[in-house]
Amino acid sequence: MSTAPRSLTDRPTLWPWLLLTPLALYLAIFFLVPLAQVAWMSVSEPTPGFGNYADALTGTLFRKVMLNTFFTAALVAFCCLLVGYPLAWLMTKTTPARATAILLLITMSFWTSFLVRTYAWMVLLGRNGPVAWAIEALGYGEPPQMLFTRFASTLAMVHILAPYMIMNIYSVMTKIDPALIRSAESMGARGGSLMRHVYLPLTAPGIANGAVLVFVICLGFYVTPVLLGSPREQMAAGLIGRQIEEFLAFGPGSAMAMILLAVTLVILAVYHRRFGLDRLYG
Amino acid sequence: MTAFTKRNGLLRPTRRRFLQGTAAAGAAALSAPSIARAQSDVLYVNSWGGPWLEAATANLFEPFAEQTGIRVETVSPVSFAKLAAQVRTGVYEFDVTSLGGGDIVRANQAGLLEEIEPTYPDGLFENGMGSHAFATVLAWRTDTDWQETPQSWADFWDVDRFPGTRSLQRYPARIIPLALLADGVAPQDLYPLDIDRAFAKLDEIKAHITVWWTAGAQSAQILRDGEVDMIGIWHGNYFAAEDEGAPVAMTWNQAEIERAYWVVAKDTPNMEAAKAFVEFATSAEPLAGFVTQANYGALNPAANAFIADAAKPRMPTAPDTYPQTFEQDMLNFGADPEEVSMRFEEWLAS
């Protein structure tokens, strides 16, 4: 089938693979080896066997925290979609200059340290913060407890992760052929119908990519839920950290980390079957 | 190479930077551990940060460097896990750290501490040299509508007379005695602790504790910013909030005193310098300066001769204060502290 000259496409060459070696070495040394160590610790400490896994899977605390972790990640991904989709749409509709300005504002939050952003929310949502002050000034009475609740940690995580969602959706939206929309309109599709049957399906890959990225990154969140959330809604990373930090339970902590990794991989595999992981790379 | 790299901060060959993964050049970092082992003119001390670090720098680290030529660098935060990990891996991030009464028993049982000789009589405990005493005290905001002032942990639990939000440390070994005191147990009858009774009492207050603090600076911040109305807080952090002008007050009544000890990490390559530092830090004059600045109580009685009377009212071990307080008794805890911690974590999440 191919009409391209054989020499350009099929010439066996090692060059691309050689270029990959620095990255491969880096990953092997700083990711695969430590990961293997964690896997080894999970079955060797304190005693050899799968006792750590059995304990983790039967323990109520771990199960509760895992459920909460996946629930929170899904909630954050959903909220990111709610705020991200309209914003991405706005960027495609406005002038290029304004779209660039919006993009700049969104990426700017990446330049600010993670911790600083988390502390900023502590100030904003505090009992004597501007939000509480505004609620009282507007006559809504005693402001509710906002800090140290699920509301605060979810809000902060959405703030941190929304750019991933927005940029994924935006990149898909800009590639939509305007002719498709025009033809749909010429055939009588209007408003909600156009959205439901044409625009939404066309942007679905962006939504799926953004959601998976936000979901997976959120699974590993540590600092934000600890500082802003309630102890009743712990995330897995925090629990694993405490296992190591407080109980020196390297084995059980490693087992929990491996379970979290395994569940994450299962979710990615399901996603891959449905949408194809390769789409994550645009 | 060493001469060159010492002048160049970026390429300074330390195993810390190697561990932190921030070394700019991989090759330089990879060769670092052997270089770092050979040098004995730097001692790495695990830092508690905040007022502790300021007082330790001025009164312990700098004079020690002047006297011995050994420079002290600090590593934070204080991490029990790191202490254990260093002994496991043989890669040392710090040579010396200080531990509270609860952690030192655990650390010594786990074989993480080097055996040391007492540097003053009766000061050695579980391979740690007694440094200073600090206290968990009851503190509150004075800008509430309360008709009375809280006097005891029973008042901390009394949400009818003292409505408002509360905070305690996320550290059951320090919290459980407070719950028992609130439940009417006399201080002298606390140990061994009745764990079940304590958890039952904690159930009563759980809904009113909006945040369980995990770092000293955090506890000062939430009190200063009015995030909570009442808090169990380390006295050093309380005074930091008070000195910043926050409308706060505290009582020494039923303050929980805990002793802190200097320890040397097991098998550290910097052994001599580490032991020299522990001896220096627990000797009378440097310790006196340290506790005076940070308001701690000196555990080496010889230090008291160098402490001005004016500095004493803020110390938990001052003659007028000490009788109102009680001390932790970790050797007589009454349960496996680790099991209690696990139970506490599950209780928190439920």
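Not measured: the values here are computed from a predicted model. Below, chain A is the first sequence line, B the second, and so on; all start at residue 1.
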Name the option with the most non-hydrogen atom pairs under 4.5 Å to chain B; the candidates are A:R242, A:E245, A:E233, A:Q145. A:R242
Search all heavy atoms of [X] against all heavy atoms of [Y] and return the closest pair with its distance.
X      : Y      : result
B:E227 : A:F148 : CG-CE1, 3.6 Å
A:F250 : B:A81  : CZ-O, 4.3 Å
B:V228 : A:R127 : C-NH2, 3.7 Å

Would the number of heavy atoms belonging to other residues, nucleotides or ligands and lying under 6.0 Å from [atom1] of [X] be above 12?
X      : atom1 : result
A:F50  : CZ    : no
A:Y26  : OH    : no
B:D145 : CG    : no
B:Q147 : CD    : no

So which of B:R170, B:K82, B:R106 has the biggest tally of heavy-atom pairs under 4.5 Å with chain A? B:R170
Assert top hit (heavy-atom pairs under 4.5 Å, partner chain A, pool B:A84, B:A85, B:G226) equals B:G226
Report which part of [X] has an atom under 4.5 Å of a heavy atom belonging to chain A: side chain, backbone, both, or neither.
X      : answer
B:R88  : side chain
B:S350 : both
B:L83  : neither

Nearest 0.5 Å, please: how far is [atom2] in [Y] from [atom1] in [X]?
X      : Y      : atom1 : atom2 : value
B:T165 : A:L147 : OG1   : CG    : 10.5 Å
B:I209 : A:S230 : CD1   : OG    : 12.5 Å
B:Q218 : A:M122 : CD    : CE    : 6.0 Å

Which answer fits [X], side chain, backbone, both or neither, if we ask what part of it has an atom under 4.5 Å from a heavy atom of chain B?
X      : answer
A:F62  : neither
A:I244 : both
A:T149 : neither

Assess the residue pair B:E345 and A:Q243 against the criterion (side chain to side chain contact (heavy atoms under 4.5 Å, CB included)); give the C-alpha distance rounded to whole Å, side-chain angles, the decisive distance to 0.1 Å, and a yes or no. CA-CA 10 Å; B:E345 285 299 310; A:Q243 290 295 320; over 6 Å; no
So does B:D225 get a backbone contact from the side chain of A:N128, meaning a donor-acceptor N/O pair under 3.5 Å? yes
